[in-house]
There are 2 protein chains.
Amino acid sequence: MLDMENERFIRISKALGDDTRLRIVQFLSNCCCGCGTGEDESELNACLCVSESPVPSTGASSRLSHPTAGEVCCQINGNPKISSTVSHHLHELEGAELITLQKQGKSVCCALNRGTLQDMASQLLQLANEDQSSCCQSSNRQKSACC
Amino acid sequence: MLDMENERFIRISKALGDDTRLRIVQFLSNCCCGCGTGEDESELNACLCVSESPVPSTGASSRLSHPTAGEVCCQINGNPKISSTVSHHLHELEGAELITLQKQGKSVCCALNRGTLQDMASQLLQLANEDQSSCCQSSNRQKSACC
DNA sequence: CATTCATTTCGTGTTTTATCGAAATGTGTG
DNA sequence: CACACATTTCGATAAAACACGAAATGAATG
């Protein structure tokens with residue numbers, strides 16, 4: 001296991017080791033607006049997840065490509081406005097690079113960072129399939145009196 | 001994501017989200033004696049990880065197929081005898097099904113449960129590649145006034 | 001410029017987790 | 001049976017994580 005630092009691995013594991021945060025990741029994972037750029041109107045129009053806020057100058061609706069923090073919060077605990085707790089969890093997930101947060105107007109858009117999940121999966125597979133033939137001669141073994 | 005319960009996913013994530021426990025898993029992962037049954041003498045004889053305790057009746061050495069808790073502890077913190085802290089971590093990992101502990105005489109043998117790591121990896125890949133087209137109609141969306 | 005709205009920051013109480021040493025358990029040995 | 005040994009259990013302590021409400025920030029609106 002060379003690539004990912006333990007510190008990062010632990011940060012991600014901790015982030016995923018909380019019920020609220022896991023549910024946030026799950027919601028963002030199967031949310032159809034979690035990956036669009038907001039430019040392809042046709043797919044966005046069919047999606048209930050997008051935020052809809054009227055633009056007064058044109059009278060048209062502006063649509064965001066990702067669910068807002070408030071919408072995520074609503075999905076998680078039914079709270080109509082974002083709680084400080086969910087806000088905190090979102091930033092925790094952002095710190096672990098599991099999601100990205102982007103300010104759009106007075107809202108914050110949340111998007112899943114699928115690459116981090118893939119990295120994590122490959123680290124786990126590496127741990128599962130680690131070459132077992134090298135441990136005894138290897139230098140990564142701690143030299144101690146006891147073993 | 002149907003298969004693994006959130007509770008189990010969280011248990012495993014928490015177990016991997018601690019530096020000491022991660023190092024235990026890493027050690028067991030690339031330990032060459034982490035998978036043998038102890039019956040194939042030829043491969044075990046070359047391995048420094050095996051426990052060697054003289055059997056007085058025959059005068060020969062008995063070899064265990066896995067590192068003992070004490071040996072794991074030694075690798076982790078250089079402590080010649082197992083600490084209560086490492087013992088606790090081992091049982092935490094056992095609870096998450098990441099390792100198995102088996103009593104052999106007065107020692108406990110520790111073996112990595114590679115299947116759990118693989119399961120976890122596939123869960124993460126599933127999260128990463130979740131179908132995004134079904135969220136808006138799907139029933140797994142919470143119905144709330146706010147969204 | 002005052003107001004509303006979405007979000008964050010802050011202060012605090014509560015729970016969980018990690019760590020340590022001492023005592024207890026249990027297994028094999030002389 | 002007494003003893004040594006590996007490990008676990010227990011009790012205490014300290015640190016980290018979670019949760020909550022109130023106040024603060026900052027952007028859009030009237």
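Computed from heavy atoms alone, side chains included, the values below leave out hydrogens, waters and symmetry copies. Residue numbering restarts at 1 for every chain, and letters A, B, ... go by the order of the sequence lines.
A straight line from CZ of A:Arg21 to P of D:dA19 spans 8 Å, rounded to a whole angstrom. Following rounding to the nearest Å, A:Ile10 (CD1) and C:dA18 (P) show an atom-to-atom distance of 11 Å. Summarising the geometry, the separation between CG on A:Asn77 and P on D:dC20 is reported as 8 Å, rounded to the nearest angstrom. Nucleotide C:dG21 holds its P atom 16 Å from the NE2 atom of B:His88, rounded to whole Å. Counting to the nearest Å, the C1' atom of C:dG26 and the CD atom of B:Gln104 are 16 Å from each other. Straight-line distance from the CD atom of A:Glu94 to the P atom of C:dT7: 14 Å, rounded to whole Å. Straight-line distance from the CD1 atom of B:Ile76 to the P atom of C:dA18: 15 Å, rounded to whole Å. The nearest whole Å value for the distance from the NZ atom in A:Lys81 to the C1' atom in C:dT7 is 11 Å.
Which of C:dT19, C:dG26, D:dC18 sits closest to the side chain of B:Thr20 comes down to C:dT19. Closest to the B:His89 side chain, of the nucleotides C:dG26, C:dT19, C:dA18, is C:dT19. Taking the side chain of B:Ser107 as heavy atoms from C-beta on, and the options C:dT19, D:dT7, D:dC18, the nearest nucleotide is D:dT7. Which of C:dT7, D:dC18, C:dA18 sits closest to the side chain of A:Ile82 comes down to C:dT7. Ranking D:dT7, C:dT7, D:dG21 by closeness to the A:Ser84 side chain, first place goes to D:dG21. Candidate nucleotides D:dT8, C:dT7, C:dT19 were compared by shortest atom distance to the side chain of B:His91, and D:dT8 ranks first.
One finds no side-chain N or O of B:Thr85 lying less than 4.0 angstrom from the OP1 or OP2 phosphate oxygen of C:dA18. Close to D:dA17, at under 4.0 Å from its OP1 or OP2, lies a side-chain N or O of A:Lys14.
Screening A:Asn113, A:Val72, A:Leu93 for a side chain to side chain contact (heavy atoms under 4.5 Å, CB included) with A:Leu28, the sole residue that qualifies is A:Val72.
Using a distance-only test at 3.5 Å, with no hydrogens or angles considered, no donor-acceptor pair links the side chain of B:Arg23 to the main chain of B:Gln75. A donor-acceptor pair under 3.5 Å is formed between the side chain of B:Arg21 and the backbone N or O of B:Lys14. Without hydrogens or angle criteria, B:Thr116 side chain to B:Glu97 main chain gives a donor-acceptor distance under 3.5 Å. Between the side chain of A:Ser13 and the backbone N or O of A:Phe9 there is at least one donor-acceptor pair closer than 3.5 Å.
Comparing A:Glu92 and A:Lys106 by the nucleotide of DNA chain D that holds the closest heavy atom to each, the one mapping nearer the 5' end is A:Glu92.
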